[in-house]
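Computed from a predicted structure; not experimentally measured. Quick note: numbers below take in every heavy atom, side chains included, and nothing from hydrogens, waters or symmetry partners.
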Amino acid sequence: MLTMSHHRKHELPSQGFTLPIRLATPEDVGGIARVHVEGWRNTYPGVVPDTFLRNLSLEASAYRWQGVIASQKKGVGRTLVAEHPHHGVVGFIGVGPQRTSLSGFSGEFYALYVLDAFQGQGIGRALLTAGAAELRRRGNRTGLSWVLDGNPGRWFCERLGGVQVAQRMLEVGDARLPEVAYGWTDLVPLARLWEGAGVR
């Protein structure tokens, strides 16, 4: 259940996409947590340890996202949500300054999740391109995204122009799993998919 915000919602231009993509508010925390937990449980069976997936908690995820959304007021990253009129938040993306020391990339796509029932409808593409436009507005010309090796999102990044630029090992529960970084050395083409030719 989504509690509608009483604050003015900052909707981004949708370029023909039917679901609003907007800046997340504190009222979205529950919906974001649901998408996040379901995303992990539906994407990573057989990839990450089963115990890790079983132990994922909506309450813990919501607590974490409360902090993330609150930090937006301090200018630390942005979370954008795709909102369905009957189902609330069905997808989200987090973007902001790069959190690793990989040279040549100033911005980062932190996380991108869409509920299984809403995949294949262009929501992921809309979120990624809206995220690129947000990074551009915040002064980033380049960006990257870290993706677990077993995540189908790898191919999604490649289809939208991401190029593999690095690898590392990530600790997930009691396992160490390979993670791949995809980079965009120019975010303009990706952002233009969202904003159109008006991006400068």
Side-chain angles (χ1 to χ4, degrees), residues 1-3 17-72 77-96 99-100 108-131 144-160 162 164 167-182:
M1 176 176 165
L2 177 69
T3 302
F17 181 64
T18 55
L19 293 187
I21 305 288
R22 59 172 176 79
L23 186 65
T25 69
E27 289 82 359
D28 297 317
V29 163
I32 293 170
R34 177 177 65 107
V35 174
H36 196 197
V37 169
E38 288 189 21
W40 270 84
R41 287 179 174 161
N42 293 332
T43 302
Y44 296 118
V47 178
V48 305
D50 289 343
T51 52
F52 179 85
L53 295 177
R54 283 198 302 271
N55 289 334
L56 289 173
S57 156
L58 279 174
E59 292 77 13
S61 182
Y63 180 78
R64 175 180 174 271
W65 283 104
Q66 278 181 336
V68 171
I69 301 305
S71 73
Q72 291 183 147
R78 286 286 189 270
T79 302
L80 309 177
V81 296
E83 183 181 39
H84 189 282
H86 306 300
H87 301 280
V89 174
V90 296
F92 72 89
I93 187 169
V95 300
R99 299 172 295 184
T100 57
E108 183 175 346
F109 301 96
Y110 299 148
L112 170 59
Y113 292 92
V114 177
L115 289 176
D116 269 14
F118 293 90
Q119 292 182 13
Q121 302 177 30
I123 298 172
R125 174 188 169 104
L127 285 165
L128 187 68
T129 56
L144 64 79
S145 178
W146 286 98
V147 184
L148 279 176
D149 188 53
N151 186 341
R154 286 188 59 181
W155 321 122
F156 172 76
C157 289
E158 291 183 1
R159 285 197 303 271
L160 287 171
Q164 186 173 329
Q167 289 183 315
R168 67 181 180 183
M169 299 301 291
L170 179 69
E171 291 189 7
V172 180
D174 57 0
R176 295 184 77 245
L177 303 172
E179 195 175 29
V180 179
Y182 283 91

Side chain proximity check, [X] to [Y], heavy atoms < 4.5 angstrom:
X	Y	answer
Glu83	Arg22	yes
Ile69	Thr25	no
Arg125	Leu160	yes
Leu148	Tyr44	yes
Leu115	Glu38	yes
Gln167	Pro178	no

What distance do [X] atom [atom1] and [Y] atom [atom2] have between them, rounded to the nearest 0.5 Å?
X	Y	atom1	atom2	result
Asp50	Arg41	CG	CZ	11.5 Å
Ile21	Ile123	CD1	CD1	7.5 Å
Glu108	Thr100	CD	OG1	5.5 Å

Distance under 6.0 Å and angle within 45° of ring axis: Arg99 vs Tyr110: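 Yes, a cation-pi geometry holds between Arg99 and Tyr110.
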Result of checking Leu19, Asp116, Val114, Val35 against Val90 for side chain to side chain contact (heavy atoms under 4.5 Å, CB included):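 Among Leu19, Asp116, Val114, Val35, the one that satisfies the side chain to side chain contact (heavy atoms under 4.5 Å, CB included) with Val90 is Leu19.
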Set of residues satisfying ring-ring contact (aromatic ring centres under 6.0 Å, His included) with respect to Phe92, sequence neighbours excluded: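 Result, ring-ring contact (aromatic ring centres under 6.0 Å, His included) vs Phe92: His36, Trp65, Tyr113.
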For Phe52, all residues meeting ring-ring contact (aromatic ring centres under 6.0 Å, His included), sequence neighbours excluded: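 ring-ring contact (aromatic ring centres under 6.0 Å, His included) list for Phe52, sorted by chain: Trp40.
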Any side-chain to backbone donor/acceptor pair from [X] onto [Y]? Under 3.5 Å, distance only.
X	Y	value
Arg176	Leu170	no
Ser61	Ser57	no
Asp28	Ala24	no
Arg78	Leu23	no

